2 protein chains.
Amino acid sequence: MISQSTSDKRKDLLTAALQLFVQYGFHGTPTSKIAKQAGVANGTLFHYYKTKEDLIVSLYIDIKTRMGEYIETKVPAGKKAKQMFKEQFTHVLLWSLENKDEFYFIQQFHTSPFAALLSPEEIKKQLSKSCHQIEEAIMEKAIKNRDVDFILTLLTSHTFGLNQYLAKTKLTKEQQLKTINDSFEMLWTMIS
Amino acid sequence: MISQSTSDKRKDLLTAALQLFVQYGFHGTPTSKIAKQAGVANGTLFHYYKTKEDLIVSLYIDIKTRMGEYIETKVPAGKKAKQMFKEQFTHVLLWSLENKDEFYFIQQFHTSPFAALLSPEEIKKQLSKSCHQIEEAIMEKAIKNRDVDFILTLLTSHTFGLNQYLAKTKLTKEQQLKTINDSFEMLWTMIS
DNA sequence: TTGTAGATTGACTAATCACTCTACAAAGAT
DNA sequence: ATCTTTGTAGAGTGATTAGTCAATCTACAA
């Protein structure tokens, strides 16, 4: 219960599921294959996750949490608006490049009927922080005075778009950083 | 062969498939349900489409073609770069609001393993026109001198993003148009 | 040592699915 | 009129799937 230094099947199942979902899609991946890839028996999967749906949603929450924690360690609070948005933007993209499967999965999940299974609280929890930052930036007149949701959508889609570009374009680390930088300045020009 | 004024089962099947795919996802929708909803027998579906995959890809191409045709009728060539991009942007968004299911399906399709089934020619055909317009705009110095693919990605993601916002936010027709306008001006500020 | 609670297994099941097959109807074409 | 092609139906098939279950194992507390 306390720790699993030798094996954490829960985690193994999520890892296996991620890899297979990204490759074959949700319904193209049978639970039997997930279990096999994770090195556990068929029934064990259902011991940890009541249903396949449960596994999918759990995986989504797990990834989102991990990304959130990563960003939190990298971006200290208390900076000026532009600097804060810039660091956040940059680190999300760096994370996405280091975790391509994870990032792709999030996109896949969002445009699937499973997205509807997320509890409203879960959604709120994920967005509240970003919304708050945007609200503050608007009050400081650092960014345009528009509907918070509108700004957030532009920010998010810009991020996903750039990720797609970086993922399919072969660039050196240096070029990638330059593109991210450039891209943020363009984004900032747009919303400020 | 020439026309089906009384019934076009091919079309009926696509219509039924679209509605069900959007609601339940690709694999969440059995071919039997598609056939039933289209008002034809199970086997008839496979007379028109060799496989379910074939049906999915055909539906995607059909939607893309219809959208392309719509834009073409609405946006005359030979205008200045900004005006042309603006009209194109606006009409894509208006179309997306009138054809929510279709637009959502395209997104769903893009982030699914089925996207890999598109032939390279099909992909090229879809992108070539936009790429060409961007190249010209760069040469005219109407927009920033960046990789064409980079610009295209920003444009596309901005469009999808705004669509998502408009789809989930209840606005009057007038407010929608205002938002589209505003959004384009922001986009143009960014890339010019 | 024994009791107990959770972990693990894999064979099993009931349902479902994509797709086939055969029969038949409609409509030209010769 | 007969042949041929094409459309349509829907029962049937073999494979696959999510999820179950009874049996065993493990760890550890009493």
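Every chain is numbered from 1 and lettered A, B, ... according to where its sequence line falls, protein lines coming before strand lines. Only a predicted model underlies this, so the values are computations on that prediction, with no experimental measurement involved.
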Checklist entry - Think H47(B) has a side-chain N or O under 4.0 angstrom from the OP1 or OP2 of dT8(D)? => result no
Next on the checklist: By the side chain to side chain donor-acceptor pair (under 3.5 Å) test, which pairs, at least two apart or in different chains, include something from residues 75-91 of chain B?
Outcome noted: K79(B)-E87(B), K82(B)-E185(B), Q83(B)-E87(B), K86(B)-N181(B), K86(B)-E185(B), Q88(B)-Q133(B)
Checklist entry - How about N99(A) and Y70(A): does a side-chain donor come under 3.5 Å of a side-chain acceptor? => result no
Checklist outcome for this item: From NZ of K36(A) across to C1' of dT9(C) the rounded distance in Å is 15 Å
Next on the checklist: Only pairs with both distances under 3.5 Å count, Watson-Crick or wobble alike; so what is the partner of dA30(D) in this structure?
Outcome noted: dT1(C)
Checklist entry - Just how far, in rounded Å, is C1' of dT17(D) from OH of Y24(A)? => result 17 Å
Short heteroatom pairs, N/O only, protein and nucleotides 15-18 of chain C, under 3.5 Å:
residue: dA18(C); atom: OP1; partner: K52(B); partner atom: NZ; Å: 2.5
residue: dA18(C); atom: OP2; partner: T31(B); partner atom: N; Å: 2.7
residue: dA18(C); atom: OP2; partner: T31(B); partner atom: OG1; Å: 2.9

Checklist entry - Taking CZ from R10(A) and P from dG6(C), how many angstroms apart are they, rounded to a whole number? => result 13 Å
Next on the checklist: Can you confirm whether H27(A) is buried at NE2, in the sense that more than 12 heavy atoms of other residues, nucleotides or ligands lie under 6.0 Å from that atom?
Outcome noted: yes
Checklist entry - Between Y48(A) and dT8(C), is there a side-chain N or O to OP1/OP2 distance below 4.0 Å? => result yes
Next on the checklist: Rounded to whole Å, how long is the line connecting atom CG of L45(B) with atom P of dG7(D)?
Outcome noted: 14 Å
Checklist entry - Would one find a side-chain N or O of K9(B) under 4.0 angstrom from OP1 or OP2 of dT8(D)? => result yes
Checklist entry - Rounded to the nearest 0.5 Å, how far does CD1 of I56(B) lie from CZ of F21(B)? => result 4.5 Å
Checklist entry - Considering residues at least two apart in sequence or located in another chain, which fulfil the ring-ring contact (aromatic ring centres under 6.0 Å, His included) criterion with F103(A)? => result F160(A)
Item to check | Flag if over 12 foreign heavy atoms under 6.0 Å of NZ, K144(B) | outcome: yes
Checklist entry - Would you say T44(B) reaches dG7(D)'s phosphate, i.e. side-chain N/O to OP1/OP2 under 4.0 Å? => result no
Checklist outcome for this item: Taken to the nearest whole Å, CG/D12(A) to P/dT9(C) is 11 Å
